[in-house]
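A quick write-up on the structure given underneath.
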Amino acid sequence: MTTDNFDHQRLSNRILMAMGLGLVFGLFLNLSGLAERPGVDSFLVSGVLSVVGEIFIRFLSMLVVPLVFVSLIAGVSALSDPKKLGRVGGKAVGLYMLTTGVAISLALIAAIVVEPGIGANPAELVEREIAAQPSFTQVLIDMVPRNPVAAMAAGDMLPIIVFAILLGLSIALAGEPGHRVGNFFNDFNVVIMRLVGFVMLLAPYGVFALIAVLGATTGWGTFLGVLKYVLLVLFMLVLHAALTYSLILKALTGLSPLVFFSKMRGVLAFAFSTASSGATIPVTLKTVEQRMGADNKVASFTVPLGATINMDGTAIMQGIAAAFIAQYFGVDLSLTQYLMIILMVIMASVGAAGVPGVGLILLAGVLASVGLPAEGIALILGVDRLLDMTRTAVNVTGDAMVTVVVAHSEGELNREVFEGP
Ligand code: ASP
């Protein structure tokens with residue numbers, strides 16, 4: 001365990017270093033104009049770097065479905081009291097909704113005060129196909145898999161969670177045969193965690209490549225016209241993570257937010273470079289369990305659930321973006337419309353899967369609900385990648401914070417591990 005912790009810390013530092021180096025390297029390629037030379041682009045940027053980055057994301061994604069499935073069954077089947085599951089679920093969903101509500105409210109207030117849309121001058125208006133937002137009733141229906149294998153093949157998280165919970169409960173209630181099957185899943189869980197550890201060893205290379213591609217391919221000029229919007233979103237993301245999460249963590253558990261954030265470094269780097277809370281699930285789960293001491297019984301449930309229904313960072317972007325677009329088009333929003341935005345953003349956060357860029361796509365539904373033109377999305381499309389990466393880091397921080405709080409309230413948090421090195 002001690003060696004594992006030590007390795008983990010060293011690995012986190014290496015990953016952060018890789019991020020820094022990747023950024024410097026990418027910016028160098030970009031600013032020197034090298035990135036645009038056909039040879040450099042096809043061999044290095046669209047070649048080696050993109051391949052390494054994509055393979056790294058694939059390795060992570062490869063783990064998500066088996067890990068969530070096995071780990072959740074292991075967690076639920078170990079529950080001595082099935083009622084506990086309902087409590088854990090209730091607390092987690094409640095906290096996820098609460099933090100998202102706070103996030104979107106803060107974002108709207110900031111956008112009303114700062115008015116980022118006034119005087120904005122976007123560099124490009126890109127045509128974009130607008131996807132429809134799934135209705136709330138459809139999200140509810142889709143939670144129950146018609147065919148669990150199809151849900152797993154498609155990587156649909158909510159139906160996988162529902163199936164794994166039911167299977168885990170049945171294992172817990174099936175007497176001796178259930179005990180045998182439960183043991184198998186427990187062992188399997190340990191094995192998959194080992195595999196997560198292997199993939200994490202690749203992280204410094206993967207992260208370097210992903211960030212270098214970002215640095216090399218981003219047209220920084222696109223940021224200038226909407227700089228106020230970008231800076232406001234970034235500021236509110238950091239504020240929400242540093243303030244709201246620290247306050248909730250401290251108030252409900254008495255644990256140190258500083259320790260929490262220092263242990264989150266590795267997870268943040270993964271979330272930032274992959275821009276996917278879903279692909280980050282293996283790392284989030286490993287970190288909250290092995291470094292923060294949250295028991296698998298709670299974490300195996302709250303982490304994948306959070307990656308799917310809890311997106312505070314996305315809510316912040318959507319709130320500010322909606323206000324930005326209204327201001328840009330000179331539309332005055334009424335109080336009812338602001339409340340509508342809050343509601344729609346919370347629903348979008350539940351309905352969206354934790355994959356890159358989905359927050360921007362679902363913004364169309366939010367805009368439509370208050371009669372704003374969906375074409376407004378084109379105004380901020382060019383700068384979304386960086387914001388996507390940053391908001392994903394906030395999204396997973398929220399998942400981890402709520403997991404720690406719920407585990408603590410259930411007596412399933414090992415304080416020594418949390419406060420340990
Ligand atoms: N990329 C985000 C996530 O995975 C979702 C979004 O686009 O906002 O959490």
Side-chain angles (χ1 to χ4, degrees), residues 53-54 56-58 60-61 63-65 68 96-97 99-100 103-104 107 128-134 139 155-158 161 207 210-211 214 229-230 232-234 236-238 240-241 245 264 267-285 287 302-322 324 341 344-367 374 377 380-403:
E54 282 303 314
F56 168 61
I57 293 190
R58 286 221 175 188
L60 278 174
S61 311
L63 294 172
V64 174
V65 171
V68 169
Y96 283 146
M97 296 295 118
T99 50
T100 309
I104 168 72
R128 171 145 186 125
E129 274 204 14
I130 305 299
Q133 185 167 342
V139 172
D156 287 340
M157 216 37 78
L158 287 179
I161 291 177
V207 168
L210 288 170
I211 301 284
L214 172 83
Y229 163 78
V230 173
L232 185 63
V233 174
L234 291 177
M236 292 311 291
L237 287 173
V238 173
H240 181 66
Y245 293 163
M264 279 301 286
V267 183
L268 293 181
F270 272 84
F272 185 80
S273 43
T274 60
S276 167
S277 347
T280 311
I281 290 176
V283 190
T284 319
L285 201 54
T287 304
T302 55
V303 168
L305 184 70
T308 319
I309 71 163
N310 180 52
M311 294 189 184
D312 297 358
T314 305
I316 288 175
M317 178 282 287
Q318 290 180 334
I320 298 180
F324 170 88
I341 294 180
M344 289 300 288
V345 164
I346 294 180
M347 274 171 32
S349 159
V350 175
V355 293
V358 70
L360 195 71
I361 298 173
L362 289 188
L363 180 61
V366 178
L367 296 178
I377 291 182
I380 46 176
L381 189 64
V383 295
D384 196 60
R385 179 69 188 175
L386 180 72
L387 299 182
D388 190 10
M389 299 164 86
T390 319
R391 67 181 180 254
T392 307
V394 174
N395 291 346
V396 299
T397 308
D399 304 341
M401 189 278 291
V402 168
T403 298

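Each ligand, and each atom within it, is numbered from 1 in the order the structure gives.
- Set against the non-hydrogen atoms of Ser276, the atoms of ligand 1 under 4.0 Å away are 4 (O).
- In terms of protein heavy-atom proximity, atom 1 (N) of ligand 1 is nearest to Asp388 OD1, 2.7 Å.
- In the vicinity of Gly359, heavy-atom distances shorter than 4.0 Å reach the ligand 1 atoms 6 (C), 7 (O), 8 (O).
- Counting only heavy atoms from C-beta outward, the side chains of Met389 and Ile211 approach each other to under 4.5 Å.
- Atoms of ligand 1 found under 4.0 Å from any heavy atom of Thr314 (numbered from 1 in listed order, with element): 5 (C), 6 (C), 8 (O).
- Contacts between Val355 and ligand 1, counted as non-hydrogen atom pairs separated by less than 4.0 Å, involve the backbone only.
- The contact set between ligand 1 and Val358, taken as ligand atoms under 4.0 Å from a residue heavy atom, comprises 5 (C), 6 (C), 7 (O).
- Residue contacts with ligand 1 for Asn395 involve side-chain atoms from C-beta outward but no N, CA, C or O (heavy atoms, distance under 4.0 Å).
- Counting heavy atoms under 4.0 Å from ligand 1, residue Met317 does not touch it at all.
- Of the protein's non-hydrogen atoms, Ser277 N, 2.8 Å is the one closest to atom 4 (O) of ligand 1.
- Atoms of ligand 1 lying under 4.0 Å from any heavy atom of Pro356, numbered from 1 in the order shown and given with element: 1 (N).
- The main-chain N or O of Met311 is found under 3.5 Å from a side-chain atom of Ser349 such that the two form a donor-acceptor pair.
- Results of the side chain to side chain contact (heavy atoms under 4.5 Å, CB included) test with Thr397 over Leu237, Leu268, Val267 single out Leu268 as the only residue that passes.
- Remark: side-chain polar atoms of Ser276 are paired, donor with acceptor, to backbone N or O of Gly354 under 3.5 angstrom.
- Near Ala275, meaning under 4.0 Å from one of its heavy atoms, ligand 1 places the atoms 1 (N), 4 (O).
- Considering only heavy atoms from C-beta on, Leu60 comes within 4.5 Å of Val283 through its side chain.
- Contact check for Phe272 versus Val207: no side-chain heavy atoms found under the 4.5 Å cut-off.
- Annotation: Met311 places no N or O atom under 3.5 Å from an N or O atom of ligand 1; distance criterion only.
- Contact check for Ile104 versus His240: no side-chain heavy atoms found under the 4.5 Å cut-off.
- Considering only heavy atoms from C-beta on, Met97 comes within 4.5 Å of Val350 through its side chain.
- Among all protein heavy atoms, the one lying closest to atom 2 (C) of ligand 1 is Thr392 OG1, 3.3 Å.
- The shortest side-chain heavy-atom distance between Leu158 and Leu305 falls under the 4.5 Å cut-off.
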